[in-house]
Every structure is written in C-alpha cells, then in structure tokens.
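Contents: one structure, followed by commentary.
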Protein chains: 2
Amino acid sequence: MSTSRSTRTDGRPTLEKVAARAGVGRGTVSRVINGSTQVSPAAKAAVEQAIAELGYVPNLAARSLVTRRTDAVALVVSESEERLFGEPFFAGIVRGISSALVDTPLQLWLAMAQSAAERERVERHLTPQHVDGVMLLSLHDADPLPGLVEQRGLPLVLGGRPARLTRPGVAAGRFVDVDNAGGARRAVEHLYSAGRRVIATIAGPQDMGAGLARLDGYHEARVGHGLLNEPDLIAYGDFSYDSGKTAMKLLLSRRPDIDAVFIAADLMAAGALRALRDSGRHVPDDVAVVGFDDTSVARQTEPALTTVHQPIEEMGKAMARMLVAHISEQIPPDSSAVLDTTLVIRESA
Amino acid sequence: MSTSRSTRTDGRPTLEKVAARAGVGRGTVSRVINGSTQVSPAAKAAVEQAIAELGYVPNLAARSLVTRRTDAVALVVSESEERLFGEPFFAGIVRGISSALVDTPLQLWLAMAQSAAERERVERHLTPQHVDGVMLLSLHDADPLPGLVEQRGLPLVLGGRPARLTRPGVAAGRFVDVDNAGGARRAVEHLYSAGRRVIATIAGPQDMGAGLARLDGYHEARVGHGLLNEPDLIAYGDFSYDSGKTAMKLLLSRRPDIDAVFIAADLMAAGALRALRDSGRHVPDDVAVVGFDDTSVARQTEPALTTVHQPIEEMGKAMARMLVAHISEQIPPDSSAVLDTTLVIRESA
DNA sequence: GTCACTGTCGGGAGCGCTCCCACACACCGT
DNA sequence: ACGGTGTGTGGGAGCGCTCCCGACAGTGAC
C-alpha cells in the first residue's frame, strides 16, 4: 500500500556530475566517453579521473534514445531449446559469434523461436529499437522471419544458405555457409574408394539448405561413379538421434545388403550406430558409417565416428563480422561466405 | 565521406502523433498504453484505433529512461558455451524460465561467464540499467558475481544452493534447488538393496552445491548401512564425459572388486560406461551404474542409464517465478524452494 | 595589426516517454 | 444557490544523453 516507490532519481552519477567534478562542460565529457580526438590531453585526464572517482556508468537508455542505436544484436534459432542445447553445433556458432563480438560494443541476444508464443515474442522484439542487427540460424524453408526482419530495415545475416536458393548463381542476400555438398561428396567418395559398393544415406530435412546440399553431394558422388539414383538407399531424418535410429532401421529392412551409410549429421549417426548394433551388424566391418558435423558426439560414439568436419566456430565468427560490417554499411548487399569442410577419419569408416 | 547519416528523426510514429490523430492529449494515450482504468471508453477506442492505423510501437529507450525499468532479466551461466550447450540440463532450465516468463513483459537475456573477457563483459552489463533482475546458474564457490549483483541492488535468484551453505539451517538468500542429497541417498540405497556391496562413487566438483550434496547423499547411505568411509571408493570429476571416463579408470585400478558405482551426473556416467566396457566389464552384470540428472543422454547410453530424475523444467519455472516476485517486492528476502528427485530404473542397475 | 584557420570547449535543444499537477466537468447533498 | 467529491483529461517538467552551433584562444601569413 504505502510502499514508497524508490525515489525518482537514484544515486547514480550522471554526465553532468562528472562534468562538474572534472571542471569541464557536458560536451567534453561526452567527447571523452565516445573517444573523440577533439579533446585536449589535460581535459581528457581530468574527465577520466572524475569518471573513476564517481564510478560513472553511462545510461544506455538515454544514449539509445538519441542515437537510435541499441548496441545489441540478436541470434535467433528456429529450434526448440531441446535441439539448441542438444547439439554442440550451436555451441560452436555461439562461441564464434561471441569471440568476434568481443572487441565491439555489441552485446549478443540469444532467442529461440519454436513455439507460437516464442515466435510471437521474438517477432515483437526484432525491431530497430531493440537490436541493431539480426542473425538467423537453422532456417526452414517457409520461415517468414527473414522477410519480416528485412522489411523492418534491420541488417540481417543468415547462417546457412536458404534452402530455396541452394543452387549456385542465385543472389541470396547475406549468408555464411559451409561447403555442404562438397563435404558430403568427399565423404561418399571415401566410402567408394574403401571398396564399399552399396552406399545408403540418411538425409536431413529437405526444407533446410544443409539438408538439401548434403543429399546433393551424395548424388554427385554416385553420378561420378556412373550410378543411377536408387531411392531405396535414401532415408530421411530431422538431425535428431531418434530419427537416425529409425531411418537406419528402415534402410536395413529395405536393403539388407547395405555396406556403407553416409549420414547427414553426427547425432543421427549415433542413433544409426545403435540401430546397426541392434541388428547385429558390426561397424565398420559389415557397414561403414560416415557422419557430418564433427561435433563432440563423434568422439563419444562406439566406434568413434568418421565424419565431415566443418569450421563451426569460424562460421560464427564470419557471421558476426559480416553483420558488424553490414550495420556500419561497409559491405555490398549480396556478399556471402562459404567455408571449406574436411573429412576426419576415425574408426567407423 | 559524404555518406549522409540517416535523418535524425526516422519515420516511426510517436506518442504525440498518436495523440494528435486520436484527438486527445499525450497523457491519455500513455494511460491507454499502460492500461490505466482512468480513461473513458470513447477516448480509449479512439486511441486504440489511432495506434492501429499508425502502427505505433512505444519507444522502449524513452520509457526505460524515465521508469528506470528495462523489462529484461538475465540468466548467467558460469560455464563455457561447450558445457552450456553440451548438457541438456541447461536446456531444461531455460525452457522452464521461458515458459514462466511468457506471460510477463520480461525478456530473457542469456549470458555465459567463463573466460575473463566474457566475465568482464557480463559484469559490465549486470546493472540496473540493463536488467531488472538476475538468475545465476552453476555457481562455483568463490564466484564474486552474487556479491556484485546484490551490491548493485539487483534482485537475484540462485539456481542451486550455494556450496558453502549446503548444510541446512543457514540462510542463503533466494535460491531454487533440488533435493540432491536425498536423490543420491536413494540411488545408493537402491544399489544396496539390489545386493551390491562394493559401491563406489564418482563425485562432482566439490566447490559446487550439487557436487557436495550428492556426495553427502552417498555418505549418508553408507552410514545408514553402518559402513565406514572408504576414500578408495571415491573419485572426482567435473561433470564432463571425459572426466567420468578418467575417474572410472582410476576407481577400477584402485579397487577392481567394485560391483556398483553411483555417478553424480549422467554425462560422467556415459564416460564411465565407456571405461567399464574398455575394461571388459559388463553393465549391469559385473558392475551396476546409477547416474544423476535424467537428461537425454541417459536414454542414449548402452545400456540405458538408471538415474536420479530431477524436475529441471520445474526448477527453471520456480527460479523465474521467484525472480518476478522479487522484482515486484512480493516476497520475503530469504525464501527458497527445494524440489523433489525420483529414481528412474532403466537397464544399468 | 589584421585576417583566416585550426583546435578546444560550453551549453542549448531535443530524443520520446512517464509522472503528476492543475483543471474542467458532472453529480451529489444541503 | 452553494461547496464538496469524483472522474477524465491536457500538458509541463524532466529522465540522461548526443548533436551541433557558436565562442574563444592560439598560430602563422600577409
């Protein structure tokens, strides 16, 4: 009832107080804080001392009100927390982004947009008054988010090439991607050159760029060996452990003669290994397995997974750097980066 | 050079414009937006229509400047991205928090404070002008963060009882915890009643509340069976897969007669299973294993893990609700919540 | 000595909002 | 007729900052 609200103006020192203490004007303090060169060394020293003595911290709301910047960027992941935290892939991305952001004033917001409530919330906060730029990860085909963000005039960088534009030669705005198709092709080539002949694949979601491109790579390798498409050898998953297990069972029931599988994600591969073991097959003697991602699960499976390594942290860094350049308008509108992948040989193939 | 800065005032409608359009004063619009009852239905309707027509969105920087609220809360995890994303535990917490926050105006900030650079950054942003409250997770003993946050007058809720106050009867501020000791005790009891006699444990970090309490539970169960402490049977890990593997190897070398292990985290248990398999032992026939957490890894190990389930999502919800109550000053200073744990029997014990 | 120029600096204006005071107006009882 | 009591309402003040204009001193060229 009579709970007195905290006084209107709290004890926190303001620019004005710093100016008074340093014996200079408000403008000079502001210039010192913002690193202007138009300040004499003497004034600068006085201001810096006053700031230290008072423990002054600039009020960001006030600054943001006039500059119309927020010094925050958002990373939006169109996945559930389950997957966001379940897959080490995202950890790498976040690490890369943080490290690239460390010497900018920008703070990173992390948001997931899975449930309707979450999406609504995220959309409400993806405005120029909340963030200066947006990075979108794990985008599905029909996602309206990129359109919304661009329409609001917010700088945008995509992680992974949008699915519909996965064929080269099409402008797609700004994105960072890895060479998914090339990595998949090399993985399958590796299986062929190891003497495998009936090579199946567990592909990812076909509404995602990475899912499409990795399946493309598989096809390319087959074509390179003069082989026709065999739909029997293709099963689909959603990058999860369970979906990998299920898909592997399906493949084995359709084609018991399979002697190798290329699997579009390590986590699915872990599930597939389980299904293979359950079916009594030995990896790699009976069936060779190659995964994709080279996340920590690849080292924890039994046997350890041969997989396609992608420079995840680099990808995060590239995204952040591209966004920063975009925000400061130092970059052409259709730039993009595609990073290389490499095959890591372990025990499973 | 001559890149014209975007005009000072962008096209976005302001409160004033809405007021003009609705034919009312600024104050009335503000009242409508903030849900005051002191507005006539006619005025309210006119304002709402004007807002819709103009697509007006309140400027949060301006609001925050005067209200001194930010409508954001932070969740700080004192871990690397590696662990934050590697352990499903955190996913559950975040999910619980988000769901509890969904019908408040509060937005969730997620930050990790591991490296020095990150910590410095986090500390700089943990001020009343950035966030309205803070939740701290995975706290180590000597962490200065709680002190800092409280000193700045920010509402604070801890996830997990602070290590130093892990003994009951000591006030510890606001925290949410699960009954770690009780869960551990029941797990070990289960092993004893299954006829196991040489029961080892892999404990967690002893500077963390959860690590301490779970080891306490192990001791309690032994005491309950009239057994003396045998340091040989205790090894320590840091909750990671690798540390579990290493600790298990150490235990087996010290005491080859071990016929059961209680392990303070599922991920460590997964590592331990690997070490047991490498040593030629069969689980559960030769050695029974019980984990702790009941995260998704528990279902993916071979054999599936018997483990102590903790209501992770509930814990997140409780933390968020406690923080909200704290922010609105509707809660005594030393409240806390301790949630129950249950044993989930699978294949490993 | 005058003028132009450069390097510093102070402080007014104003960002968009909330808070709150003053006031208009209706309605009531006396 | 009057004052009292409420309910709605308008708009001034001010949150803490940046932007920018104008002032001023010092320097060098003429």
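Quick note on labels: first sequence line is chain A, next is B, and so on, each numbered from 1. Basis for what follows: all heavy atoms, side chains included, without hydrogens, waters or symmetry-related copies. Bear in mind the structure is a predicted one, so any value in this text is a computation, not a measurement.
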Need to verify one output field. Residue with the more 5' nearest nucleotide on DNA chain D, A62(B) or G25(B)?
G25(B)
Pairs satisfying salt bridge (charged side-chain N to carboxylate O under 4.0 Å, His left out), at least one member in residues 51-66 of chain A, at least two apart:
R21(A)-E53(A)
Round to a whole Å and report the spacing from CG of N34(B) to P of dC20(C).
13 Å
Measure CG/L15(B) against P/dG14(D) and give the value in whole Å, please.
19 Å
Would you say S30(A) places a side-chain N or O within less than 4.0 Å of OP1 or OP2 belonging to dT18(D)?
yes
Step by step, work out the side-chain contact (heavy atoms from CB on, under 4.5 Å) result for L154(B) and H130(B).
CA-CA 10 Å; L154(B) 271 174; H130(B) 285 89; over 6 Å; no
Rounded distance (Å) that lies between atom C1' of dG16(C) and atom OH of Y56(B):
7 Å
Side-chain (D132(A)) to main-chain (D71(A)) donor-acceptor, under 3.5 angstrom:
yes
Can you find an N or O donor on one side and an acceptor on the other, under 3.5 Å apart, linking the side chain of R68(A) with the base of dG16(C)?
no
To the nearest angstrom, the CZ-P distance between R12(A) and dC17(D) comes to 10 Å
So what does A43(B) hit on the nucleic acid, given a heavy-atom distance under 4.0 Å: a base, only sugar-phosphate, or nothing?
sugar-phosphate
Separation of atom CG in L65(B) from atom P in dG14(D), rounded to whole Å
14 Å
Q38(A) side chain, from C-beta outward: closest of dC17(C), dT9(D), dT8(C)
dT8(C)
Can you give me the N/O atom pairs linking the protein to nucleotides 21-26 of chain C at distances under 3.5 Å, or say none if there are none?
none

Side chain R321(B), main chain A100(B), donor-acceptor under 3.5 Å:
no
How long is the span from the CD atom in Q49(A) to the CG atom in L54(A), to the nearest 0.5 Å?
11.0 Å
First locate atom CE of M319(A), then atom CE of M135(A), and finally report the distance between them rounded to the nearest 0.5 Å.
6.0 Å
Measure CD1/I33(A) against P/dG16(D) and give the value in whole Å, please.
14 Å
Using only side-chain N and O atoms of S40(B), determine if any of them is under 4.0 Å from OP1 or OP2 of dT9(D).
yes
Has T28(B) got a side-chain N or O lying under 4.0 Å from the OP1 or OP2 atom of dG10(D)?
yes
For a quick test of reading the model: is some side-chain N or O of N59(A) closer than 4.0 Å to OP1 or OP2 of dC15(D)?
no
Separation of atom CD in E16(A) from atom C1' in dG11(C), rounded to whole Å
9 Å
Measure the distance from NZ on K44(B) to C1' on dT9(D) and round it to the nearest whole Å.
17 Å
Could you go through residues 27-39 of chain A and list every donor-acceptor pair under 3.5 Å that involves a side-chain atom there, pairing it with any protein atom two or more places apart or in another chain?
unit_1, atom_1, unit_2, atom_2, d
S30(A), OG, N34(A), ND2, 3.4
N34(A), ND2, S30(A), O, 2.8
S36(A), OG, Q38(A), N, 3.0

Using a heavy-atom cut-off of under 4.0 Å over every strand shown, decide if R26(A) touches base, sugar-phosphate, or nothing.
base
